[in-house]
S.K.: 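Sending over a structure as structure tokens; questions will come in a sec.
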Amino acid sequence: MAFRAVKGMNDILPDEVERWQFAEAAFRDAVRCHGYAEVRTPIVEPTALFVRSIGENTDVVDKEMYTFERHDDSLTLRPEGTAGAVRAYIERTTHAREPVSRWYYLGPMFRAERPQRGRYRQFYQAGCEVYGDKGPTADAEMITMLYDFFLSVGITGLDVKVNSLGGAVTRQRYHEALTEYFRPRLDQLSAHAQTRVEDNPLRILDSKDPKDQKAAEAAPSILDMLDETDRDHFSELCKSLDDLGTPYRVDSRLVRGLDYYTRTLFEIASTAGELGSQNALAGGGRYDNLVQALGGPSVPAIGFALGLERLILAIPAKPATSSSLCFFAPLGAAAARRSLVLARDLRRRGLVTEVDGRGGSLKSLLRRADALGARCAVVIGDSELAREAAIVKDLANHTQGLVNLSILAQFVEKLLKSAANQSSGEVN
Ligand code: AMP
């Protein structure tokens with residue numbers, strides 16, 4: 001029987017991994033220059049951590065967690081990154097060492113959702129958290145960092161939505177107002193939404209079901225219920241975004257799935273690339289009460305997570321760059337041994353080099369060099385060895401020459417570097 005990967009969980013093979021590495025490196029660069037440092041927390045946490053933070057009546061906790069028992073403990077594969085980060089922040093008494101912490105993370109998350117394009121059961125998120133800064137400037141800076149990051153990797157068609165949920169009291173009042181609004185409209189709602197009216201009516205605003213969307217059209221707006229300090233926070237955020245020139249729109253229906261949010265909420269979507277219907281690239285918001293709710297001090301915080309699979313679907317394919325690979329085609333055992341030594345000299349210069357030691361005909365070796373997209377091939381047979389030389393084939397320009405082995409490394413380095421310069425010139 002042949003094994004298959006678990007449904008909704010994907011292999012990332014070498015031909016795709018370059019895009020991943022590009023996206024990850026771009027993310028790390030973007031956040032590093034805003035003062036973020038990486039945190040790595042376990043993939044498994046106590047189940048109760050997620051129930052307490054994300055909220056009992058959310059889809060994630062309700063039906064999407066991978067939970068298992070081990071040594072009488074209930075453990076869960078993390079469905080998101082914030083809960084574990086907050087747990088670590090509290091456990092290490094980070095707040096006592098620094099007033100503001102800026103953390104980022106990157107890694108796999110697990111949710112048993114219905115798999116489709118852009119929605120998986122194991123997926124990767126990169127995210128940021130700022131602890132200890134309650135001001136709206138932190139919110140505006142974070143949203144703008146994210147927006148600028150997406151632009152920097154070439155994503156177009158960006159749509160930035162912001163909203164405010166107010167503090168815990170406002171949120172509770174809004175919950176009650178929504179329940180009152182939906183109760184007499186039960187028959188206009190989808191079956192799933194009907195079950196949410198009492199325990200989590202905010203989620204109905206999020207529903208993709210056209211029936212729910214229609215029923216919610218005249219629902220009260222959270223923005224009308226904000227108290228004065230919430231309102232000030234939100235208008236300061238909007239002013240800062242205006243100053244920064246970050247385009248956004250206020251969407252009072254934006255609520256998002258997790259229970260811990262307070263005040264600022266945001267989401268960035270894109271119409272670019274191959275995203276399709278799952279076009280939300282990133283989402284986040286403030287969670288000023290979460291650190292305390294999980295047993296820590298009263299420390300305000302804000303964070304976001306972006307989905308790396310969706311990011312990669314949205315990044316435009318780069319024009320093919322000319323390769324800087326040097327391929328060795330030794331003909332015979334003595335030439336293969338010598339090739340290893342020569343290849344090591346090239347690698348010590350930082351050049352990407354592959355030695356094909358399988359033997360076989362020159363024709364088949366060169367076919368492989370072509371398939372790899374090599375820039376040059378170094379051919380060494382017995383007669384070349386006897387002359388302490390190799391044939392270097394420039395595979396891009398279809399020229400070749402005999403090069404003395406004593407200067408082979410310098411020769412190939414020059415050739416490959418000229419190829420790299422040409423290609424970066426083409427891309428920029
Ligand atoms: P969330 O943690 O639900 O706020 O999601 C933040 C971002 O993570 C989304 O905007 C998506 O880009 C990504 N994301 C969430 N769930 C999935 C999933 N099941 N598969 C792939 N990406 C996801």
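Just so we're clear, the structure is a prediction, and the values are computed from it rather than from any experiment. Read the numbers this way: they start at 1 and go in the same order the structure lists the ligands and their atoms.
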S.K.: Looking at ligand 1, does any of its N/O atoms fall within less than 3.5 Å of an N/O of Gln125?
M.R.: yes
S.K.: Can you list the ligand 1 atoms lying under 4.0 Å from a non-hydrogen atom of Leu281?
M.R.: 10 (O), 12 (O)
S.K.: Considering only heavy atoms, which of Pro115, Ala305, Gly81 lies nearest to atom 7 (C) of ligand 1?
M.R.: Ala305
S.K.: Please report the closest heavy-atom contact between Leu265 and Val255, naming both atoms and the distance.
M.R.: CD1-O, 3.2 Å
S.K.: I'd like to check whether Glu80 has a polar contact with ligand 1, where a contact means an N/O of the residue lying under 3.5 Å from an N/O of the ligand.
M.R.: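 No; every N/O pair is 3.5 Å or more apart.
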S.K.: When you look for heavy atoms under 4.0 Å from ligand 1, do you find them on the side chain of Arg111, its backbone, both, or neither?
M.R.: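 The part of Arg111 near ligand 1 is the side chain, not the backbone.
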S.K.: Is the NZ or CZ atom of Arg185 positioned over Tyr181's six-membered ring, under 6.0 angstrom from the centre and within 45° of the axis?
M.R.: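 Yes, Arg185 sits over the ring of Tyr181.
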S.K.: Please step through side-chain hydrogen bond (donor to acceptor under 3.5 Å, both in side chains) for the pair Thr170 and Asp230, ending with a clear verdict.
M.R.: CA-CA 9 Å; Thr170 306; Asp230 294 337; 3.1 Å; yes
S.K.: Could you tell me whether some N/O pair between Tyr120 and ligand 1 is separated by less than 3.5 angstrom?
M.R.: yes
S.K.: Looking only at N/O atoms, are Leu306 and ligand 1 under 3.5 Å apart anywhere?
M.R.: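 No, there is no polar N/O contact under 3.5 Å.
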S.K.: Out of all atoms in ligand 1, which are within 4.0 Å of some heavy atom of Ala282? Include the element for each.
M.R.: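 Near Ala282, the atoms of ligand 1 are 10 (O).
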S.K.: Taking distance alone, with N or O pairs closer than 3.5 Å, would you say Phe123 contacts ligand 1?
M.R.: no
S.K.: Is there a side-chain contact (heavy atoms from CB on, under 4.5 Å) between Ser270 and Asp159? Walk through the geometry before answering.
M.R.: CA-CA 6 Å; Ser270 162; Asp159 178 23; over 6 Å; no
S.K.: How about Glu56: does its CD atom have over 12 heavy atoms from other parts shown lying under 6.0 Å from it?
M.R.: no
S.K.: Is the closest side-chain donor-acceptor distance between Asp209 and His192 under 3.5 Å?
M.R.: no
S.K.: If you count the non-hydrogen atoms of other residues, nucleotides and ligands that lie under 6.0 Å from CZ in Arg97, is the total more than 12?
M.R.: yes
S.K.: Any idea which atoms of ligand 1 are less than 4.0 Å away from a heavy-atom of Gly307?
M.R.: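 Taking each heavy atom of Gly307 in turn, ligand 1 has 7 (C), 8 (O), 12 (O), 13 (C) under 4.0 Å.
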